[in-house]
Each structure stands twice: as C-alpha cells, then as structure tokens.
Amino acid sequence: MTDRVHAIVLAAGQGTRMKSAQPKVLHAIGGKPMLGHVLDAVSAAGIGSAHLVLGHGADQVRDWLASRAVEAPRSVIQQQQLGTAHAVSQAMPDVPDTALVLVLYGDVPLISAATLEALIAAAADGFGLLTVTLDEPRGYGRILRDEKGRVTGIVEEKDATPAQRAIREVNTGLIAAPARRLRRWLAHVGNDNANREFYLTDVVGLAARDGVAIRTINAATHEEVEGVNDPLQLARAERVYQRRHVERLQREGLYLADPARFDLRGTLSIGRDVRIDIGCIVEGTVSLGDDVQIGPYCVLRDVTIAAGTRVDAYSLLDDSEVGNACIVGPYARLRPGTVLGSGVHIGNFVELKKTTVGDGSKANHLAYLGDAVIGARVNIGAGVITCNYDGANKFTTFIGDDAFIGTDSQLVAPVNIGRGAYIAAGSTIAKDAPDDQLTINRARDQRSLPWWVRPKKKP
Ligand code: UD1
Ligand code: CA
C-alpha cells in the first residue's frame with residue numbers, strides 16, 4: 001500500500017513570526033530540525049517517496065538535507081508563496097498518476113507515523129482528511145459537514161461566517177488523495193478569497209462536489225498536529241516531545257531525579273539501575289551501562305559509559321568512551337577522542353582531548369592532557385600540562401604504566417615518559433624520561449635572602 005504513496009512536505013513559507021534568520025523548518029525540537037521529524041515520520045510510515053516544496057531559506061534547507069546520513073528527498077522551489085494549493089502543484093509534475101499523495105507541513109513536527117498510516121488507509125475510499133477538535137479553534141480552517149455528517153468543504157477563518165467560526169472541528173492541513181484526481185482538482189482552485197491565495201483546502205470542496213467520499217481521521221491528540229509559528233509554540237512542542245520521550249525512557253527503567261529537568265536531544269540507551277540527577281542534557285548517541293550514575297548539571301554528548309561509573313556534577317563529556325567503575329568530575333571535561341579504561345579517576349578541572357588513559361590511572365585535579373597515551377596505574381599530579389601544540393602542529397605524549405608525574409610539571413611533546421618513571425614536581429620535561437628513574441628539571445639553587453625587607457606603601 002505505502003509503495004505507491006508520495007509524500008509532499010510543504011516548507012516554503014517564510015515563518016515571519018519566528019523572527020529568525022534561520023528557516024523555520026530548521027528550528028530544532030529535541031536537537032533535530034522540525035523538518036527532520038516530519039521526514040522521519042514519513043519514512044517510519046514506510047513511505048518511500050518524498051517531495052519537498054522549498055522557498056524561503058531553500059539553500060540552508062538543502063545544505064542541511066545534504067548533511068544527513070540518509071538520501072535527500074527530491075525538492076522543488078516555489079518561487080512565490082501563492083498558497084498551499086500552489087505549493088502542492090509545484091511538486092505534482094514529479095508524482096505519477098497512479099500515486100496516492102499525502103500532504104504534510106514542515107512546521108507540524110510531532111505528527112506520528114501511526115496517524116500517517118491511518119490517513120493513508122482513509123484515502124482508500126477516495127479522500128482522507130486529518131482533523132482535530134479544539135476548544136479554541138482560532139486561526140484554523142473549519143470543517144463543514146452536511147446534515148448527514150458528510151464533509152462538504154473547508155472554510156478558512158478569514159472567509160468564515162460567525163456560525164462557521166463556531167465550528168470546533170478543524171483542518172490540520174494533512175490530506176491524502178489519489179494523484180490523478182488531485183491534479184485535476186488543483187487545476188480548478190482559484191484565489192478568490194480574503195488572502196488572494198490558492199488554498200489547498202478548496203480541493204476538499206471540489207472532491208465533495210465530485211461525489212468523492214471524504215473520510216476524516218481524528219488526530220489522537222491536538223499536540224500531535226499543532227503547528228509551530230513562533231518561539232512560544234516551538235518551546236511548547238519541545239516540552240511535548242521531551243515528555244513523550246522521557247516517559248518512554250522511564251518505562252524502560254531510567255531513574256530520573258526529575259523528568260521535567262532532563263533533556264534528550266538524541267538517543268539514549270541504558271542498562272539496569274541507571275540514575276540521572278537534575279539538569280542533565282543528553283545529546284547525539286549516548287549509551288550508559290548498568291549502575292551508571294550521572295550527577296546534576298552534566299552534558300553527555302556522543303558518549304559511551306560502561307557499568308558502575310559515576311559522573312559527578314557539572315561535567316561535560318563529548319565524543320568520548322568511558323570504561324567501567326570510573327569516577328569522572330565534578331567539573332571534568334572530556335573532549336572528543338578521550339578513551340578511559342576501567343577504574344580511572346578524572347577529577348575537578350581536568351581537561352582531556354584525544355587522550356587514552358589506562359586502567360586505574362588518576363588525574364584528580366587541575367590538569368590538561370591532550371594528544372596523550374597514558375598507561376595503567378599512572379598518577380598525574382595537580383597542575384600537570386601536556387604541551388601538545390607548538391603553535392603549528394600537535395605532538396603526542398606517551399606515559400608508561402606506573403609512572404608518577406609530580407605536580408605542576410609540563411611535558412613538552414613529542415616526549416616519552418618511561419614505565420615507573422617518577423617526574424619531580426615543577427619539572428619541564430622536554431626530553432624522554434627513562435623507566436624507573438627520578439627525572440627532575442627545576443632551578444637548583446633555592447635561596448632565602450636574610451637582608452630582604454618587605455616593600456612598604458609610600459606615605
Ligand atoms: C493552513 C490551512 C488551514 C489549517 C492550517 C493548519 C490552507 C489554505 N489552510 O492554514 O485550513 O487549519 O493550515 O495549520 O491550507 N506553504 C508553502 N507555500 C505557500 C503557502 C504555505 O509552502 O505558498 C507552507 C507553509 O510553509 C506551511 C504550510 O504550507 O508549512 C501551511 O501554510 P500556512 O500559511 O501556515 O497555512 P495556515 O494559514 O496556517
Ligand atoms: Ca500555519
């Protein structure tokens with residue numbers, strides 16, 4: 001059934017009320033552009049062919065489409081936004097006569113695949129129309145029915161009589177109809193209305209006049225079909241999205257201190273007894289093993305954390321891999337390319353980048369470890385810095401198992417610190433340090449000056 005369905009997604013409008021330089025459909029919900037949600041619902045419903053109608057910000061939208069992992073749908077440009085019927089007409093030349101057309105809006109992002117499937121099934125009788133009944137129908141097209149309850153047309157609010165405005169069943173904008181007939185109806189739509197626009201809704205009246213049965217599907221919730229036109233509605237849609245996804249994770253066994261203070265902007269997979277405190281953000285693809293505990297106000301972006309690891313407050317973990325039974329934070333920063341073995345401790349104000357840390361190693365305070373390969377059971381003292389960058393190129397620091405790097409040492413890469421090597425505090429190490437020896441490089445003559453007098457303020 002879905003093989004012959006062609007989805008047409010309308011996304012040419014300017015979105016003036018967003019008051020933004022970014023095209024409306026690229027504004028994100030749960031970290032993904034609205035248009036991405038719509039396209040994902042289309043593919044989840046098993047629809048293979050999608051057509052996009054673009055206009056304002058088309059270049060930006062096409063750049064985003066090209067950046068996705070999946071093949072971009074066909075897109076056409078609607079040069080002038082002359083109305084929703086005109087927009088659909090732009091895509092129709094690419095749609096075969098035998099197709100069933102499903103029209104969606106790029107700014108109605110929370111539509112579910114199940115609803116799309118129901119709408120497609122409704123169109124088997126000739127025409128499917130997705131409606132919703134609202135307490136406050138303002139702004140929407142109203143559904144007109146005859147005395148037998150059959151749909152006879154849609155009237156836009158601006159063109160409606162006071163009696164028609166009292167109707168609470170409204171048009172969501174989503175329709176499904178056979179391509180051949182839709183093409184004919186579109187050709188008959190005029191712009192004799194308050195907006196001087198070619199309304200797609202007029203197609204419904206034309207279909208009814210042709211004696212085609214119009215089957216309506218009721219959206220399960222009004223939230224699913226709510227459009228986003230301004231930042232307020234965007235934030236509302238975000239909350240709806242978060243509530244849905246967070247509830248699903250909680251049912252899968254995620255312990256959240258407060259679901260209202262947790263945000264998912266990607267996908268999270270969890271083991272047993274995973275606990276996340278308040279204020280955390282999960283982005284990209286994140287996987288947390290059994291018994292992982294995340295403290296308050298952490299950001300986890302594209303990370304894998306193995307069982308039993310604890311991440312303490314205010315830590316930022318980005319594109320990293322963390323082994324089991326580690327302690328990370330508070331205030332730790334793992335930048336892309338960090339790999340921690342098991343039982344590693346990374347403490348406050350420690351920053352790692354492209355660095356591998358072996359099992360049981362510790363860097364508990366104030367350190368920068370970049371482009372380093374660190375063995376097992378290494379102790380990195382407070383204030384240690386790998387000098388990995390000479391202003392033009394990056395170099396690697398190797399530190400062997402069981403090495404001890406004294407506090408406030410600088411390791412000037414490229415450099416090798418041997419196994420069991422001991423670097424005295426305050427050393428600048430620019431040459432390799434051998435295994436099992438103390439290496440020291442600091443000014444030798446510590447002096448105290450008995451004749452020294454403390455400077456005084458001039459009177
Ligand atoms: C439309 C419906 C209305 C329905 C409402 C639901 C029409 C005439 N009216 O009204 O019955 O209740 O949606 O939200 O269809 N677009 C284009 N090109 C255009 C015009 C619009 O691509 O020339 C796109 C917009 O970017 C948007 C969508 O179509 O994504 C809807 O257009 P909009 O102008 O917002 O329609 P509404 O007035 O909200
Ligand atoms: Ca709208």
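Just the heavy atoms: all of them, side chains too, but no hydrogens, waters or symmetry mates, feed the values below. Every number for a ligand or one of its atoms is a count from 1 in the order of the listing.
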Considering only heavy atoms, does A85 approach ligand 1 within less than 4.0 Å through its side chain, its backbone, both, or neither? neither
Contacts of F127 that satisfy ring pair (Phe, Tyr, Trp, His ring centres under 6.0 Å) - sequence neighbours left out: W185
For R301, salt bridge (charged side-chain N to carboxylate O under 4.0 Å, His left out) partners two or more places apart: E283, D318
Step through the shown structure and confirm whether more than 12 heavy atoms of other residues, nucleotides or ligands are within 6.0 Å of CZ on R180. no
Given that the side chain starts at C-beta and the backbone is N, CA, C, O, which of these parts of E197 lies under 4.0 Å from ligand 1, counting heavy atoms, or is it both or neither? neither
Are any of the N or O atoms of I154 closer than 3.5 Å to those of ligand 1? no
Side chains of N193 and K158: do they bring a donor and an acceptor to under 3.5 Å? no
Within a reach of under 6.0 Å around CG of D192, are more than 12 heavy atoms found that belong to other residues, nucleotides or ligands? no
Ligand 1 contacted by V53 (non-hydrogen, < 4.0 Å): no
Heavy-atom proximity to atom 15 (O) of ligand 1 ranks first, among D202, I175, T84, N229, for T84
Taking only non-hydrogen atoms of D107 and a 4.0 Å limit, the atoms of ligand 1 in range are 27 (C), 30 (O)
Report the relative orientation of the aromatic rings in Y314 and Y297; use parallel for angles under 30°, tilted for 30 to 60°, perpendicular for over 60°. parallel
Counting only heavy atoms not in K353, do more than 12 fall under 6.0 Å of its NZ? yes
Check each atom of ligand 1 against the heavy atoms of L10 and keep those under 4.0 Å away; list them by number with element. 22 (O), 24 (C), 29 (O), 30 (O)
Does G83 come within less than 4.0 angstrom of ligand 1, counting non-hydrogen atoms of the residue? yes
State which residue, out of E157, Q164, E156, fulfils the side chain to side chain donor-acceptor pair (under 3.5 Å) condition with R142. E157
Judged on heavy-atom distance to atom 8 (C) of ligand 1, which of Y199, Y105, Y140 sits nearest? Y199
Per-residue contact class, Q78 against ligand 1 - non-hydrogen pairs under 4.0 Å: side chain
Taking E223 first and then R236, would you say they form a salt bridge - that is, a charged N and a carboxylate O separated by under 4.0 Å? no
So is there a nitrogen or oxygen of G141 less than 3.5 Å from a nitrogen or oxygen in ligand 1? yes
Sub-3.5 Å N/O-N/O distance, A87 and ligand 1: no
Based purely on interatomic distance, does Q80 place a nitrogen or oxygen under 3.5 Å from a nitrogen or oxygen of ligand 1? no
Using a strict 4.0 Å cut-off to heavy atoms of A11, name the atoms of ligand 1 that fall inside it. 22 (O)
State whether the number of non-hydrogen atoms from other residues, nucleotides or ligands found under 6.0 Å of D59 atom CG is greater than 12. no
Atoms in ligand 1 flagged as close to Q81, the criterion being non-hydrogen separation under 4.0 Å: 18 (N), 19 (C), 23 (O)
What part of T172, side chain, backbone, both or neither, has a heavy atom within less than 4.0 angstrom of ligand 1? backbone
